[in-house]
Structure formats: structure tokens, C-alpha cells
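All values reported here derive from a predicted model rather than from experimental measurement.
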Amino acid sequence: MNSQPAPQSSDRKPVVALVFGGRSSEHVVSCATAASVLRAIDRDKFDVLPIGITQQGGWVLMADDPEPLQLTASHTPSVQGSTEVLLSADPARRGLTVREPGEAPRELGDVDVVFPLLHGPFGEDGTIQGLFELSDTRYVGSGVSASAVMMDKHLMKVVFRAAGLPVGPYVLITDKEWQRDKGAAMDPVAALGWPVFVKPARAGSSFGVSRVDSQDGLEAAIDVAGLHEIVERVVDRAQVGVDLLAHVAGQEAEALAG
């Protein structure tokens, strides 16, 4: 987040807008993430505005209740509703406006920070981060460029390799190559050695990911992955996740290994 904190009165709690759902195949996973945050966030310290984005892209004011968003064996959550939320594009205000059928628009007041809980395209790829930057809205997480690069597995590998970091062997198969000649598109994969993982270049939550042990299963795995696939050789290495937590401007980032 790039803006300086707004002045706060001593009796006013910071307002946190949780944004979740979204126009991606990971809509359900995002709703489940929101349920976890709603259960964990300290209401004595923060006021919470749950804002869901439908699978069609509408912004909806949701009830402050984690239960409808919980993913269980018998319940698949999704964002539904008719209470439309509008984010101001004016950097001079950080407020949200609500429009309900048959009612005059009403202001929800200033939002101190947005906590994006979106997964996949339109959430982790820099698009919504760009919207927040345009409106000068403070938000949690990486900025536009870092989000865009890290969401695209091929671009990420190009950037890592340019920075001198080791990158495992892989093949990129574009939709154009696949539609033109499937056989030619698959030819470079054999040189990687088996088994391989086939995965969408711009998706998460393991959607569309397949392990392929021989040439026989490759075509079907690529069709499952969808557009712009990355095929990677299986590498026997440990996986370590490292989060970087940046506080306010001027402070160094803190690494949180997990």
C-alpha cells in the first residue's frame, strides 16, 4: 500500500473492506478464504465491510457472517445479492456508495484499507490493484507490477532467470501453437523427461494441474489446463513459501518464512 495513513480520531476504529469472490474459477476458494478472515479478524480493533464480487463481476455488500461463505462437503459458497457497492474513482475520497433496488444511494463512509482476498485472474494479477491505485485506495498485498508478474508463471520464470536465479526446465505452449499443430506443440515436451506437470500459466489453487507420466496422457492434460500452458519437469526439491510484509513507507520489508 502506497498512501500514507489517514488521520484517525481516538474513538474511531479503522475500517477494513474485505473483497472476495470474483470472476475466476477460484471464486469458491476465495469465499472460503473470506470466511476464515471474518472469523479471525479482531472486531475490537477493526470495523469490517465484507464486499463480495459475483462471478459476473458485480460488487455486493455482504452480511458480516462467515457461515454462508464456509466451504463444506454439503455447501459450495458463492457471492449473491442485489445491494450494489461502488468504489469512488476520486482520489480525494476513499468512500464506498451502496445502491439498493428502489432506494436512494447511501454512503458507507471512508475505507481505511482494502484487504483483497480474491484468487486468480482479476484478483491476483494486478487488475484490481490497478483500480485501487487509480482511486488512491490503500490495500494489502503486492502492487500492480509484482502481482502481474507473479500471476503469470511464464513471465515469472523469465524475470527470475534474468535476475540470475535458477529456473527448472519447462516448455510454454500457447493457444495459437496448440490450435495450429498439437503434435508440433507437444514435441519439445519429451526432451524434459517424464514425469512432467502441466498447468495453466495464469491460474492458482491447483486448478487445471495434472501430473503426466508418459506421452499418452499429455494431450488430454493440456486440454484440461486451458489457454497458455506451462509444462514443467518434476524436480525433487523442497518447496518453501516466503511472505514479505511491508509496513509503512520508509520501513524495510520483513520476511516471514512458512
Side-chain angles (χ1 to χ4, degrees), residues 1-2 17-34 36-37 51-57 59 79 87 113-135 137-178 196-211 221-233 235 239-246 253 255-258:
M1 40 188 144
N2 299 322
L18 306 182
V19 180
F20 55 90
R23 296 166 50 195
S24 85
S25 59
E26 299 170 72
H27 181 97
V28 172
V29 180
S30 177
C31 290
T33 300
S36 298
V37 174
I51 300 171
I53 298 179
T54 69
Q55 291 174 313
Q56 293 73 41
W59 290 41
V79 174
L87 173 68
V113 63
V114 174
F115 191 174
L117 302 172
L118 298 159
H119 294 253
F122 306 107
E124 292 181 287
D125 60 358
T127 49
I128 200 165
Q129 289 79 8
L131 174 63
F132 296 146
E133 294 281 354
L134 263 174
S135 61
T137 299
R138 291 181 298 274
Y139 60 94
V140 176
S142 299
V144 175
S145 57
S147 298
V149 170
M150 293 302 104
M151 185 66 189
D152 188 311
K153 296 177 179 66
H154 176 239
L155 184 56
M156 176 193 70
K157 292 174 186 294
V158 170
V159 170
F160 282 179
R161 183 169 285 165
L165 297 174
V167 175
Y170 72 95
V171 170
L172 172 69
I173 300 175
T174 67
D175 180 57
K176 183 177 180 179
E177 292 168 338
W178 189 242
V196 297
F197 277 107
V198 179
K199 58 184 69 175
R202 290 186 291 273
S205 300
S206 298
F207 287 119
V209 177
S210 303
R211 175 182 165 125
I222 293 174
D223 283 332
V224 167
L227 305 183
H228 292 85
E229 297 80 16
I230 288 281
V231 183
E232 300 176 322
R233 190 176 75 194
V235 178
Q239 178 173 304
V240 179
V242 179
D243 296 315
L244 292 177
L245 178 62
L256 307 173

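- Closest approach of Ile128 and Phe122 over heavy atoms only: CB-O, 3.9 Å.
- To the nearest 0.5 Å, atom CG of residue Leu118 and atom OG of residue Ser24 are 8.0 Å apart.
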In sequence, state the C-alpha distance, the side-chain angles, and the governing distance for His154 and Val158, and then conclude on side-chain contact (heavy atoms from CB on, under 4.5 Å). CA-CA 6 Å; His154 176 239; Val158 170; 3.8 Å; yes
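- Distance CE/Met151 to OG/Ser142: 12.5 Å, rounded to 0.5 Å.
- Side-chain N or O atoms of Ser147 include none that pairs as donor or acceptor with a backbone N or O of Asp125 at under 3.5 Å.
- Glu124 CD to Met150 CE: the interatomic distance, rounded to the nearest 0.5 Å, is 12.0 Å.
- Of the N and O atoms on the side chains of Thr33 and His119, at least one donor lies less than 3.5 Å from an acceptor on the other residue.
- Counting heavy atoms from C-beta outward, Lys199 and Lys153 have side chains that approach closer than 4.5 Å.
- Across all their heavy atoms, Cys31 and Gly21 have their closest contact at SG-CA, 4.2 Å.
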Decide yes or no on side-chain contact (heavy atoms from CB on, under 4.5 Å) for Ile173 and Ile222, but give the supporting numbers first. CA-CA 9 Å; Ile173 300 175; Ile222 293 174; 3.6 Å; yes
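- The shortest heavy-atom contact between Leu87 and Ser135 is CD2-OG, 3.8 Å.
- Put simply, NZ on Lys157 and CG on Leu155 are 11.5 Å apart, with the number rounded to the nearest 0.5 Å.
- Residues Leu117 and Ala34 share a closest heavy-atom pair of CD1-CA, 3.7 Å.
- Annotation: the span from Leu165 atom CG to Met156 atom CE amounts to 10.5 Å, rounded to 0.5 Å.
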Apply side-chain contact (heavy atoms from CB on, under 4.5 Å) to the pair Ile53 and Val79, showing each step before the final yes or no. CA-CA 6 Å; Ile53 298 179; Val79 174; 5.9 Å; no
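- For the pair Glu133/Tyr139, a side-chain contact is recorded, criterion being any heavy-atom separation below 4.5 Å from C-beta on.
- Side-chain contact between Phe20 and His27 is absent, with no heavy atoms from C-beta onward closer than 4.5 Å.
- With a 4.5 Å cut-off on side-chain heavy atoms, Phe132 and Val114 count as touching.
- The two residues Val167 and Phe160 have their closest heavy-atom pair at CG2-CB, 3.9 Å.
- Pro116 places a side-chain heavy atom less than 4.5 Å from the side chain of Val140.
- For the pair Ala225 and Pro200, the tightest heavy-atom approach, listed with the atom from each and the gap, is O-CG, 3.3 Å.
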